[in-house]
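Reading through the structure tokens given below for one structure.
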Amino acid sequence: MRKFIPVAEPLFEGNESKYLVDCITSGWISSVGKYVTRFEEDFAAYIGCKYGVAVHTGTAALHLALAALGIGHGDEVIIPTLTFAATANAVIYTGAKPILVDVEKDTWNIDSQLIEDKISENTKAIIPVHLYGHPCDLDKILEIAQKYNLAVIEDAAEAHGTEYKGEKVGRAGTISCFSFFGNKIITTGEGGMCLCNDTVIAEKIAKLRDHGMKKDKKYWHDEVGFNYRMTNLQAAVGVAQTERIDTFVMRKRENAQLYSSYLSDVEGLILPTEKEWAKSVFWMYSILLKKDHYRITRDDLIASLKKEGIESRPVFYPLHKMPPYKQNGLFPNAEYISVSGLSLPSSVTLKDEDIAYICKTITKYLHT
Ligand SMILES: *Cc1c(COP(=O)(O)O)cnc(C)c1O
């Protein structure tokens, strides 16, 4: 029997253990310690932002970004309907309402052409999500945001190292949010970070992360904040992972290239695109089964692959279909992608022969 191939698996072959042991032996295991600051500085420098504020999840990063901009009850925030639920949840935590927009057929990202229609006098921000590691069309989104005086919060949870027109994503928005969950490009177990270039916003985020405590007056609170701090242990892993990030991004892109070379001749499959202005990190290599092309469904394929020791996942359900986020409107692209799409194993630990085996197995089942 072949080994099991998971959809995602972290790789710790750098200084992770060394830095963790340093935390333990020095006693700095909580959220005070040198690795937190170092991780913030290193990761912000990698993306090309002035400030990084590390928090305990990507969801917390999104929540703090919204809170720091004063978004709350009565406000509306525009997000794509095809994303992980965290994007919407963070908006709802603040009391604001997520307004859902359909995605583009090819990039699976928020369709900038549809945004203006959804803007009302209550709209305060747009959250473009760089889904599966492909960048959104940021210029268009920034243009709309400027026209209507809206903030842009980039959800870059799946896009560490992704580039838009030669620049890393996470630099263009008012604030950008990253996740370091176990299956993301780099991981700290659980973890997240807000990045920005504005001193006032960065300080506000840092304050809200720590119960709203005043920076220069210990135990004095003039607003209610959260405990969203990252531990030194998490940050120690983050520093080591950041040292290796270029290799991870390269491996992800090599995986994608290999997948595409094996699958490009398979009729009835739609492979992930990379626009000419984009550098995708292919966080999860995700494909579509053309409508009515095969006898088997997407879910059949997932089940068959599982029998062969290959884990795969359906693409996210569109938010507008699920009870907490239900919304009227037409979202044909998100619905099509969600029914027909699946994510294939995408770890940086994959061997070339694993990818060959996965593609051979897919082809076998599609043609039965
Ligand atoms: C993973 C993810 C998040 C949330 O990150 P957590 O660290 O799991 O809280 C937010 N948005 C998107 C698009 C994600 O993929």
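Counting begins at 1 with the first residue of the sequence. Whatever order the structure lists them in is the order used to number ligands and atoms, beginning at 1.
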Write 'none' if nothing qualifies; otherwise put on separate lines each N/O atom of ligand 1 with a protein N/O atom under 3.5 Å away and their distance to 0.1 Å.
residue	atom	partner	partner atom	Å
ligand 1	5 (O)	Ser179	OG	3.2
ligand 1	7 (O)	Gly58	N	2.7
ligand 1	7 (O)	Ser179	OG	2.7
ligand 1	9 (O)	Gly58	N	3.3
ligand 1	9 (O)	Thr59	N	2.9
ligand 1	9 (O)	Thr59	OG1	2.5
ligand 1	11 (N)	Asp155	OD1	3.3
ligand 1	11 (N)	Asp155	OD2	2.8
ligand 1	15 (O)	Glu158	OE2	2.5
ligand 1	15 (O)	Lys184	NZ	3.1

Problem - Hydrophobic cluster identity match, Tyr132 and Tyr336, side-chain contacts under 4.5 Å - result: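 Linked within one cluster.
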
Handout entry: Neighbour count >12 (heavy atoms, 6.0 Å) for atom CD, Glu223
Key =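 Atom CD in Glu223 is crowded, with more than 12 foreign heavy atoms closer than 6.0 Å.
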
Handout entry: Criterion ring pair (Phe, Tyr, Trp, His ring centres under 6.0 Å) against His134, the qualifying member of Trp277, Tyr285, Trp108
Key =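 Of the listed options, the one satisfying the test is Trp277.
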
Exercise for the section: Measure the CG-CD distance between Leu62 and Glu154 for me, rounded to the nearest 0.5 Å. Expected result: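 The distance works out to 11.5 Å.
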
In residues 64-77, what donor-acceptor pairs under 3.5 Å come from side-chain atoms, sequence neighbours left out?
residue	atom	partner	partner atom	Å
Asp75	OD1	Lys124	NZ	2.7
Asp75	OD2	Gly72	N	2.9
Glu76	OE1	Ser120	OG	2.8

Problem - Mutual orientation of the aromatic rings belonging to Tyr46 and Phe43 [parallel < 30°, tilted 30-60°, perpendicular > 60°] - result: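 Tyr46 vs Phe43 ring planes: tilted.
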
